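Quantities reported herein were computed from a predicted structural model and do not represent experimental measurements. Convention: sequence-line order gives letters A, B, ...; per-chain numbering from 1.
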Amino acid sequence: MHYNPNKIEKKWQKVWEKTGIYKAQDKVSGKENFYHLAMFPYPSGNLHIGHWYNFAPADVYARFKKMLGFNVMSPMGFDAFGLPAENAAIKRGIHPKTWTHENIIKMREQLKSMGNIYDWSREVVTCEPDYYKWTQWLFLQFYKNGLAYKAKVPANWCPSCKTVLANEQAEGGKCERCDSQVIQEEIEQWLFKISSYADELLKDIDNLDWPETTKIMQKNWIGRSEGWQIEFKIKNLKLKIPVFTTRADTLFGCTYIVVAPEHPILKNPNFKFQNPKFIDQYINESKKKTERERISEMQEKTGVELKGIKAINPANGREVPIFIADYVLMHYGTGAIMAVPAHDNRDFDFAKKYNLPVKMVICPNWPKTVCPILDKAYESEGYLVDSDKFDGTSSRDARERIGEWLEKQEKAERKVYYRLKDWLISRQRYWGAPIPMVFFFFFDWQPVSERELPVLLPDVNDYLPTGEGKSPLAKSKKFINTVCPKCGGPAQRETDTMDTFICSSWYYLRYADSSNKKEFASKQKLEAWLPVNMYIGGAEHSVMHLLYSRFFTKALNKMGLVDFSEPFASLRHQGIILGPDGQKMSKSRGNVVDPDEQVKKYGADAVRMYLCFMGPHNQGGPYNPNGLVGISRFLNRAWDLFENPKSEARNSKQIQNFEIQKLLNKTIKKVTEDIENFRFNTAVSALMILINELSQKTYKLDHGSMSTFLLLLAPFAPHMAEELWHSAGNKDSIHNQEWPRYDLKLIEEEKINLIVQINGKVRDKIEAPSGISEKEASDLVIGNEKIKKWLQGKEIKKIIFVPGKLINLVI
RNA sequence: GCCGCGGUGGCGGAAUGGUUUACGCACAACACUUAAAAUGUUGCGGCCGCAAGGCCAUGUGGGUUCGAAUCCCACCCGCGGCACCA
C-alpha cells in the first residue's frame, strides 16, 4: 500500500473526535495535570503559515508531555474583538459580527486539519456575550478595587474627521482616511492602574521560566529608576517646581530647568509670561509630534524660554532660566527636569542650540582636576568639582549626600519612578466589549450592577466613529439611555469599549471552566489547571500582552479571586516565518505560502514536521516548499519500512543488531532531550538518521524496535504513526502510549576519535579507548608518525588534554 | 532614537570554549528504465595539487585564550517591540 496522507489524516481526525481522546478531564488519578497553551489567534480570515508555525511544534510538545504521562489540556479559541472587523464593516458593508463569525468557522476547520491535540469543548470566543459578560464583570472588580479610573489622556486626533485614530491609522502623522495632520489631543478615558503593580511585576520576573531576553524587555519596559525629587522655587512667587533626577550629584551643574509643554504651570493664571505668543505657538507645534519623535535623539531639540520667571537652584541659590521643551514628557517623573548640559547629552544638545552655559561639575580626575573639554556630555562617574562643600566626593556617593543634605532642609525627597504608564483601556470603537459604567450628573460615574451583565453590544448601522470623538455606540439612543444604578434617575451609558488586550488578559483562566454561567471560572477548576505550565507564542507579545496578563493575575490574586500570582510558569516564543525568498510574506510581494495547499499536496504530518525541521523554533526563517520534499521522502521511506519491506531480512547477525540497538537508544535520548528543550529541528534530524540507517541495511528488526520508532514519530506525525500503529495490530491509540525509555549502558562508546592538535590546529584523529589517560594519550600521539613530522626539532612547551575529546600540543 | 534578537557552504541549518558545515534542499555522476518520473548509490565550502597533503574561510575590524562561529570591545547589515494592529 502507498502512503496516502490525505486519506489517513481525515480518517484519524474523525476517530479522535469521535472517541474524544483529547478531551481533558479535570482530574485523572495518578496523573499530574499539564496546562499547555498556544496563544489564541485573531480571526483575521485565514490560517496562515505563521499560525502553523506557532501551533504545530507546540502540539508536538503537548503530545510529548501526554506520552510522558501528564494529563494534558490544550485548548483553543479566538481573540475576536478588534479593529480589523470594524474596518471590514466600513469597507465591505459586512457586520463585524458576521465577518468575525465567518472567519472563525473557516479557521476552526483549518485548525482541525492540523490534527492537533485540542480540546474543543473548552473553546472560548471573546466577542460572545457569555465571554464578555465576564470581561465586564472583571472590569467592575478592577473598578471596585480602585484599579480603574478616568483621566484626560492624549490620543491621536484627526481634526478633520473629528475622530480618534489608532497608531496604525495615523502612520507618518497623517490620517489614513483624509491625509490631514494628526495631533495629540487630550480626551477623557478609562485607565487601569498597572503602575501600582510595577514593583511586583518587576520582582516576580526573576522566578519565571521565560526566555531571558523577554524578561529583560519587560524589566526595561517597567523601567524602575531611583533618584531624588528636588524642589526649585520660583523667584518672587510662592510656587515650586519639583524635578526628578537620578543624578542629584550633578545638581551644582544645573544651568536651567525644563518643563513639558503639558506642564500645569503653563495653565496657571498667576503667571504672566513676557512671550505668551511664542509659548502658545510652541505648545501647539509639539502637539503635532508623536512621543517617539519628541524623545528621538536624532531630532533636533527645540524649546522656548518662559520669559519673566526664573527658578532658584536649591543647592546654591542661583537663578536659572525656565524653558518648555517637548523632549521632556509630562507622564514621566514630575514632567520637569533640572538640565545639566555638562552631564546629560540631551541637555547638552539643547544648551548648545540655545547658547546656554555648560558647567562641568563631575571630573574624571582627582585630586588633579584636569577636566576634559567637552564635545558631548560627560555622563560617566567621577569626582565633584565646583560643588562647594561636596568637591572631591565621588559622584556615586554625592548622589546620596546631596539628596540627604537637601532632604534635611525639606527641599528634596527620595523617590522611585517607573517608565511604565497606566494602561489606557478606553477605545472609541464599536467592535469591543462595552465598558459597564453609567454616568448620572449627580453621582458622576457609577458601575452597572453585576446582575445586569452583560451590557450587550447593540447593533448599529454605522460603524464610523461620531464626529465628537465618541465611539459608534454613541449613535444608539437605545443603548445610551438608561437609569442610574444608584437612584434610578435618567442616566447615560459609557459608549467607549474596552481595549481587546483586556479580553486576552484573562482568556487562559476561562479555558479552565469555559461554560461556567455563574462565575468567570470556579476556584476548584482554576486550582486544577492554573497557572499555565507551558505558554507558546510570538515574541511580538514579549511586553504588552504578557505584562497585561501578569498584571491581571496579580490584581485578581490580591482580590482573592485566584490563588496564584503569575499566569504563565514557562514561556517559549516561536520565530517569524518568511516567504521562500527570505522576505516577509505579503500579498504584494507574491511570496505567501498557503498552508492548505501544502497540506493538500504533502499532508498535514509533512507540513507539521517540516515546520519543526526548518530551523530553531525561536528563530523562524524562510519557508521553502522545495525543502519540504525532504520530509515527504522521509515519511515515505518510513512508511515503506513498515508496509512494504524490501526483502526478508537477509542479515541478522548479532553484531549488527547490537549496532542498531545502540543507535535506537541514542535516538530516544536525543529526541527526548530535544523536544523538552524545543529543539525540534535536531530531533527530526535524529529520526532521519535512524530511518536512513534502517532502510539502508535491511536489518531484521524486532517488533519492539519498530514500535519504538513509531512512538518517537507520534508527536511529529500523529496521523501516520497512528495508522502504522494500528496496522501492526495494536488496538488502542498510539497517543495513549508511554514515551519510550533508553538504556544508558547501550549508548556508552568504547572507542573515541581522539583529536590531535598542534598549537590548536587539528593535525590528526586517532582511534583510542574512551577512558584514555593524559599520559597514555601523549605517549600515543608523540609516537605517531604523522605527528613526529610536525614536532621535528621543536620542543613541546605544554600539553592540553581534554578527556574523551582531544589533546593539544603547544610547541 | 530607545529596548531586545540575529548574521556559518549555492540555500534552510548543525556545532554555544575543543573535529566547522550533522540533517535536509539544490546540483553532478552512476544504477534501474525503451525513455522519463520515482527510487537507490556515490560525490559536493574555496584555492593549490595526479595524489598524499597544505593554505584560507562562520558580516567587518580589534582583543582575551594553548585553542574562538561560540567570550569581550567597536562598527556594518537584517529582524521584532515601542503603549489605539493583534
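With P as the reference atom, B/A68 and B/G78 are 30 Å apart, rounded to whole Å. Going from the C1' atom of B/U16 to that of B/U58 covers 13 Å, rounded to whole Å. Distance noted for atom P between B/G10 and B/U33: 37 Å (whole Å). On the C1' atoms, B/G9 is 13 Å away from B/C25, given to the nearest whole Å. Comparing the same atom, C1', in B/G13 and in B/A51 gives a spacing of 33 Å after rounding to whole Å. Distance noted for atom P between B/C32 and B/A36: 12 Å (whole Å). Taking atom P in both B/C3 and B/U64, the straight-line distance is 29 Å, to the nearest Å. When the C1' atom is used for both B/C55 and B/G7, the distance is 26 Å, rounded to whole Å.
The distance between atom NZ of A/Lys666 and atom P of B/C23, rounded to the nearest whole Å, is 13 Å. Rounded to an integer number of Å, the gap from A/Glu171 CD to B/G81 C1' is 14 Å. We find that CD1 of A/Ile800 is positioned 12 Å from P of B/A68, with the value rounded to whole Å. In this structure, A/Lys670 atom NZ and B/C23 atom C1' are separated by 10 Å, rounded to whole Å. Atom CG in A/Leu165 sits about 11 Å away from atom P in B/C85, given to the nearest Å. Distance A/Leu578 CG to B/G13 C1': 14 Å, rounded to the nearest Å. Counting to the nearest Å, the C1' atom of B/G53 and the CG atom of A/Asp764 are 12 Å from each other. B/A83 atom C1' lies 9 Å from atom CZ of A/Arg427, rounded to whole Å.
In this structure, A/Phe350 has its ring center at least 6.0 angstrom away from the ring center of A/Phe348. For A/Phe40 and A/Tyr507, the ring centers are positioned less than 6.0 Å apart.
Between B/U39 and A/Arg633, a contact under 4.0 Å exists linking OP1 or OP2 to a side-chain N or O. Between A/Lys798 and B/C66 there is a side-chain N or O to OP1 or OP2 distance below 4.0 Å. Taking only side-chain nitrogens and oxygens, A/Lys761 comes nearer than 4.0 Å to OP1 or OP2 of B/C56. At B/C23, none of the side-chain N or O atoms of A/Arg679 fall inside 4.0 Å of OP1 or OP2 (strictly under the cut-off). For A/Asn681 and B/A14, the shortest distance from a side-chain N or O to OP1 or OP2 is below 4.0 Å.
Using a 4.0 Å heavy-atom criterion, one finds that A/Ser542 contacts no nucleic acid atom at all. Using a 4.0 Å heavy-atom distance criterion, A/Leu424 is classed as a base contact. Contacts of A/Met688 with the nucleic acid, taken as non-hydrogen atoms under 4.0 Å apart, involve only primed sugar atoms and P, OP1 or OP2. Within the nucleic acid shown, A/Leu83 comes within 4.0 Å of sugar-phosphate atoms alone, with no base atom in reach, counting heavy atoms only. Residue-level contact check: A/Lys797 touches neither bases nor backbone, having no heavy atom under 4.0 Å from any strand. Among the protein residues, A/Arg637 comes within range of the sugar-phosphate backbone only, with heavy atoms under 4.0 Å from sugar or phosphate atoms but none that close to a base. Residue contacts shown for A/His541 include a base, since a base heavy atom lies under 4.0 Å away. Base contact: A/Phe613 has a heavy atom under 4.0 Å from a base atom. No engagement by A/Glu212 is indicated, since no non-hydrogen atom pair under 4.0 Å with the nucleic acid exists. As judged by a 4.0 angstrom heavy-atom cut-off over every strand, A/Pro41 is placed among residues making no nucleic acid contact. Note on A/Met217: a base of the nucleic acid sits closer than 4.0 angstrom, heavy atoms only. Residue A/Arg429 is classed as a base contact, given a heavy-atom separation below 4.0 Å to a base. Counting any heavy atom pair closer than 4.0 Å across all strands shown, A/Ser44 reaches no nucleic acid atom. A/Asn220 comes within 4.0 angstrom of sugar-phosphate atoms only, judged by non-hydrogen atoms across all strands, and of no base.
Between A/Arg550 and A/Gln218, some side-chain heavy-atom pair lies under the 4.5 Å cut-off. Taking 4.5 Å as the limit, every side-chain heavy atom of A/Phe716 sits out of range of all side-chain heavy atoms of A/Phe613. Considering only heavy atoms from C-beta on, A/Phe81 stays 4.5 Å or farther from A/Thr497 through its side chain.
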Side-chain donor-acceptor contacts of residues 798-811 of chain A below 3.5 Å, not counting sequence neighbours, with atom names and distances?
from, atom 1, to, atom 2, distance (Å)
A/Asn808, OD1, A/Asn759, N, 3.4
A/Asn808, OD1, A/Gly760, N, 3.0

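In the set B/A22, B/G13, B/U19, the nucleotide with an atom closest to the side chain of A/Lys765 is B/U19. Side-chain proximity of A/Ala155 to B/C82, B/C84, B/C66: nearest is B/C84. Closest to the A/Arg763 side chain, of the nucleotides B/G4, B/U19, B/G54, is B/G54. When distances are taken from the side chain of A/Ala166 to each of B/C23, B/C55, B/C84, the shortest belongs to B/C84. You'll find that the side chain of A/Lys584 is closest to B/G80, out of B/C84, B/A14, B/G80. Each of B/G53, B/C85, B/G80 was ranked by its minimum atom distance to the side chain of A/Lys786; first place goes to B/G53. The side chain of A/Ser685 has B/A22 as its nearest neighbour among B/G24, B/A22, B/U19.
Remark: the A/Gln757 side chain and the B/G18 base include a donor-acceptor N/O pair separated by less than 3.5 Å. At a cut-off of 3.5 angstrom, the base of B/C84 holds at least one donor-acceptor pair with the side chain of A/Gln428. One donor-acceptor pair, N or O on each side, does fall under 3.5 Å between the base of B/C66 and the side chain of A/Asn808. You won't find any donor-acceptor pair under 3.5 Å spanning the side chain of A/Gln619 and the base of B/C79, going by distance alone.
Applying the Watson-Crick and G-U wobble criteria (two distances, each under 3.5 Å), B/G1 pairs with B/C82. When both pairing distances are held under 3.5 Å, B/C25 makes a Watson-Crick or G-U pair with B/G10.
For the pair A/Arg346 and A/Tyr327, the cation-pi criterion (under 6.0 Å, within 45° of the ring axis) is not fulfilled. A/Trp52 does not carry A/Arg608 over the face of its six-membered ring by the limits of under 6.0 Å from the centre and within 45° of the normal.
Glycosidic conformation, B/G6: anti, with the torsion outside 90° of 0.
A side chain to side chain donor-acceptor pair (under 3.5 Å) with A/Asp326 is found for exactly one of A/Lys289, A/Lys301, A/Arg294, namely A/Lys289.
Mapping A/Val164 and A/Val684 onto RNA chain B by nearest heavy atom places A/Val684 closer to the 5' end of the strand. Along RNA chain B, the nucleotide nearest A/Met544 and the nucleotide nearest A/Ala686 are compared for position; the residue whose nucleotide lies closer to the 5' end is A/Ala686.
With 3.5 Å as the limit, one finds no donor-acceptor pair spanning the side chains of A/Asn753 and A/Glu767.
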